[in-house]
Structure formats: C-alpha cells, structure tokens
> 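Structure in structure tokens, see below.
In the text below, chain A, chain B and the rest are named by the order of the sequence lines, each starting its count at 1.
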2 protein chains.
Amino acid sequence: MELKPLEALKLWHDVELDLVRDNRPDLSLRQIVILLTVYLEPPPHTVRGLAKKLEISKPAITRALDTMGRLDLLKRKRDESDKRNVLIQRTVTGSVYLTDLADSVINRAREIGPNDPVRSKTSETADTPS
Amino acid sequence: MELKPLEALKLWHDVELDLVRDNRPDLSLRQIVILLTVYLEPPPHTVRGLAKKLEISKPAITRALDTMGRLDLLKRKRDESDKRNVLIQRTVTGSVYLTDLADSVINRAREIGPNDPVRSKTSETADTPS
DNA sequence: CTAGGATAATACGCAACCGAAACGTTTTCG
DNA sequence: CGAAAACGTTTCGGTTGCGTATTATCCTAG
C-alpha cells in the first residue's frame with residue numbers, strides 16, 4: 001500500500017479525531033499499544049514479556065492493566081503452572097473497542113484515495129473567529 | 001484504499017509502537033490532533049476555533065499549546081487586528097515531527113500488503129517467559 | 001529446606017491532564 | 001462613554017500517568 005506524506009498525516013488526523021470525539025476512555029499511547037499487542041499477537045502474554053517487547057517499564061504495564069482492566073478491555077489471570085506469571089487475556093469489550101478502531105481506520109483510509117487532501121468537509125466548521 | 005480489519009489494526013499498532021519506542025515527547029491524543037489540525041488545515045487557527053472543531057475544551061487547548069510550545073512544536077502569536085485572538089502557527093520542529101510521523105505511517109503501510117498479518121518480525125522477541 | 005533469582009505489584013514523588021468556574025483584556029454596541 | 005460580549009488564560013480540586021526503588025510471592029538450585 002502506497003501513501004503520500006499528506007495522505008498519511010490526514011489519515012492519522014482523521015482517525016485520531018474520531019477517537020477524541022467519540023470520547024471513549026482516552027487511553028495513553030502506551031496503553032493502546034499494549035491493548036493492540038495483546039489482541040494481535042498470539043498468547044500467552046505476560047507483564048515481563050510485554051515490557052520487554054514494547055520497551056515499556058513493568059510498572060507502566062501493571063498500571064495499564066489496572067486501568068484497562070477496570071474498563072474491561074482485558075483481564076488478568078494467574079498462570080497456574082508458574083504462579084509468578086500473570087497472563088493477560090482478551091475480553092469481549094476489548095474486541096469491540098478494537099473493532100471500532102479498525103472500522104475508523106478502514107473508513108478514513110477509504111476516503112483518502114480519490115480525494116483532494118486539502119478541502120474535505122472540514123471547512124464547514126470554520127476555524128476562523130466570527 | 002482498501003484495508004481489512006486485521007491490517008488496519010496492525011498498521012495502527014506498528015505506528016504507535018514506533019512512537020512509543022522513539023521516545024519523543026509523548027503527546028496525548030488531544031495534543032496530536034491539535035498539532036495535526038494546525039499543520040494540515042489552512043490558517044488562521046485560534047483557540048476557540050480549534051476547541052469548537054475538535055470538541056475539546058478551551059483550557060485543554062491552552063494547556064496543549066503551553067506544552068507543545070515548550071517543545072517548540074508550534075507557537076502562539078497575538079492577532080494584531082483583534083488582540084483578543086491568539087493565532088497558532090507552525091514551526092520547523094513541528095514540521096519535522098510530523099514528517100517523521102508520516103514516514104512511519106508510510107513505511108508501516110507499505111509493509112502491510114503482501115504480508116502475513118500474524119508472523120512478522122515480532123516473534124524474535126518472544127513474549128513468553130523464559 | 002533454605003538461599004537466590006525471578007516475577008508482578010506497590011510506594012513514593014513528581015508532573016501533566018481534565019472540566020468547571022472565575023478572571024483580565026479587548027472589542028462591540030447601545 | 002459604559003455595559004455587555006468575546007477571547008484566551010488562570011485557578012481550583014481531583015485524577016491519572018510516569019520512573020525509580022522497594023516489597024511480596026513464588027520457583028528453583030544447591
């Protein structure tokens with residue numbers, strides 16, 4: 001898939017705008033990366049494993065699990081074969097969340113191609129003061 | 001441009017991972033949206049205009065301008081014709097920041113197409129405990 | 001069965017963010 | 001003029017995030 005710089009930035013902008021407006025719980029960059037990793041890559045996922053792979057500190061992972069667990073975006077489960085480990089698992093709510101994200105990316109990407117990158121529907125809410 | 005759900009999520013994941021790892025100053029979702037809007041849409045940009053368009057509160061815009069101004073990602077300028085207004089302007093540093101972001105999106109998007117969505121180079125840093 | 005290593009969680013101090021409300025300045029309009 | 005509106009900023013109280021350092025629990029060797 002080929003993109004020009006302005007198209008790439010517009011895509012990014014449009015999707016992030018969807019995220020901001022739909023005011024879902026606003027997750028930090030780290031949290032979103034963790035969530036996506038858990039859902040995209042094959043289990044098992046542990047705190048240490050995620051910390052190493054994503055280059056995020058372990059406490060940051062733990063806190064992210066606290067927050068996203070509270071939001072039911074994923075859940076913890078002790079590893080019974082080695083009780084030091086915590087396995088991070090997916091939830092239905094998390095799947096829905098990411099499905100929505102994927103939809104946003106797909107729809108915004110679809111608009112990109114045959115479009116003038118400058119004037120989209122944005123000019124209807126003018127940025128200039130009245 | 002057409003994307004499948006898994007491809008969309010993988011693209012999002014990969015780019016966000018670039019952002020986390022390159023540890024640039026980590027901007028919040030709102031901040032990135034503000035930054036992108038200022039650079040993608042034609043000026044002038046005001047606090048009130050951005051707040052309305054992005055559905056973000058005015059104090060949040062002000063704080064974002066403080067932070068990103070400190071990082072030299074954009075700058076303020078009083079509107080001389082109406083001194084109540086503050087015009088938000090671009091900077092070289094901000095352009096570089098977004099150019100890097102665009103590069104990341106472009107490169108990650110290029111990898112998407114003819115690729116197996118499951119096993120990429122991620123498996124070399126195994127997520128499983130040793 | 002005890003010492004050492006590994007894992008996740010917690011404590012602490014700090015910084016940043018948020019929304020609502022209040023404020024100071026500038027412009028507009030009666 | 002003087003009052004009202006518009007604009008951006010600041011203040012307030014509260015929440016959340018981060019990293020470093022420490023703790024509690026569990027496994028594994030010797």
> Taking the nucleotide of DNA chain D with the nearest heavy atom to each, does L65(B) or S57(A) sit closer to the 5' end?
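Upstream on the strand: L65(B).
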> What is the distance from CG of N85(B) to P of dA5(D), rounded to the nearest Å?
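That distance rounds to 18 Å.
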> Grab the two heavy atoms, one from T37(A) and one from H13(B), that are nearest each other, plus how far apart they are.
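Answer, listing the atom of T37(A) first, then H13(B): OG1-NE2, 2.8 Å.
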> Rounded off to whole Å, could you give me the NZ-to-P distance for the K58(A) and dC18(D) pair?
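Rounded to the whole Å, the gap is 16 Å.
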> Can you see which heavy atom on P44(B) is nearest to which on L87(B), and at what distance?
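Taking P44(B) first and L87(B) second, the nearest heavy atoms are CB-CD2, 4.0 Å.
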> Pick one: which of I88(B), L73(B), V33(B) meets side chain to side chain contact (heavy atoms under 4.5 Å, CB included) with V38(B)?
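Single side chain to side chain contact (heavy atoms under 4.5 Å, CB included) partner of V38(B) among I88(B), L73(B), V33(B): I88(B).
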> Do I112(B) and K10(B) make a side-chain contact, defined as non-hydrogen atoms from C-beta onward lying under 4.5 Å apart?
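The answer is yes; the side chains approach within 4.5 Å.
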> Let me know the distance between CG of L54(A) and C1' of dC18(D), rounded to the nearest Å.
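My rounded result for the distance is 16 Å.
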> What is the distance from CD1 of I56(B) to P of dG19(C), rounded to the nearest Å?
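The distance from CD1 of I56(B) to P of dG19(C) comes to 8 Å, rounded to the nearest Å.
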> Under a 3.5 Å distance rule, please check whether S104(A) uses its side chain to pair with a backbone N or O of D100(A) as donor and acceptor.
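Not at all, since once roles are kept as given, no pair shorter than 3.5 Å links the two residues.
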> Apply side-chain contact (heavy atoms from CB on, under 4.5 Å) to D18(A) and D14(A), showing your working.
CA-CA 6 Å; D18(A) 284 345; D14(A) 290 349; 5.6 Å; no
> Return the angle between end axes of the helix from dG5(C)-dC26(D) to dG30(C)-dC1(D), with five pairs used per end and rounding to 10°.
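What I find for the helix from dG5(C)-dC26(D) to dG30(C)-dC1(D) is an axis angle of 10°.
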> Taking salt bridge (Lys or Arg N to Asp or Glu O under 4.0 Å) as the definition, give me every residue that meets it alongside R90(B), ordered by chain and number, with sequence neighbours left out.
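None.
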> Which pair of heavy atoms, one from L27(B) and one from Y97(B), lies closest together, and at what distance?
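Heavy-atom minimum between the residues: CD1-OH, 3.7 Å.
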> Measure the distance from CZ on R48(A) to C1' on dG5(C) and round it to the nearest whole Å.
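Interatomic distance, CZ of R48(A) to C1' of dG5(C): 11 Å.
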> Mind calculating the distance between NZ (K52(B)) and C1' (dA6(D)) to the nearest angstrom?
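Roughly 13 Å, once rounded to whole Å.
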> If a pair satisfies salt bridge (Lys or Arg N to Asp or Glu O under 4.0 Å) and one of its residues is in residues 67-77 of chain A, list it, with sequence neighbours excluded.
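For residues 67-77 of chain A: D66(A)-R76(A).
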> Check the interface with nucleotides 15-17 of chain D: list each N/O to N/O pair with the protein under 3.5 Å, or write none.
| unit_1 | atom_1 | unit_2 | atom_2 | d |
| --- | --- | --- | --- | --- |
| dG17(D) | OP1 | Q31(A) | NE2 | 2.6 |
| dG17(D) | OP1 | T67(A) | OG1 | 3.0 |
| dG17(D) | OP2 | T67(A) | OG1 | 3.0 |

> Would you kindly give the CG-to-P distance between L29(B) and dC17(C), to the nearest whole Å?
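These atoms are roughly 13 Å apart.
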> With a 4.0 Å cut-off on N to O distance, would you call R108(B) and E111(B) a salt bridge?
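The answer is yes: the pair qualifies as a salt bridge.
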> Take nucleotides 22-30 of chain C nucleotide by nucleotide from the 5' end and write B, S or -, depending on whether a protein heavy atom sits under 4.0 Å from the base, only from the sugar-phosphate, or from neither.
----BS---
> Please list, chain by chain and in numerical order, all residues satisfying salt bridge (Lys or Arg N to Asp or Glu O under 4.0 Å) with E80(B), sequence neighbours excluded.
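Scan of E80(B) (salt bridge (Lys or Arg N to Asp or Glu O under 4.0 Å), adjacent residues dropped) gives none.
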> Grab the CG-P distance between D66(B) and dA16(C) for me, whole Å please.
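After rounding, the reported distance stands at 11 Å.
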> Which listed nucleotide (dC18(D), dT7(C), dT10(D)) is nearest to the side chain of P59(B)?
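Nucleotide nearest to P59(B)'s side chain: dT10(D).
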> Look at T62(A) and dA9(C) and indicate whether a side-chain polar atom (N or O) is within less than 4.0 Å of OP1 or OP2.
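Checking dA9(C) against T62(A), a side-chain N or O does come within under 4.0 Å of OP1 or OP2.
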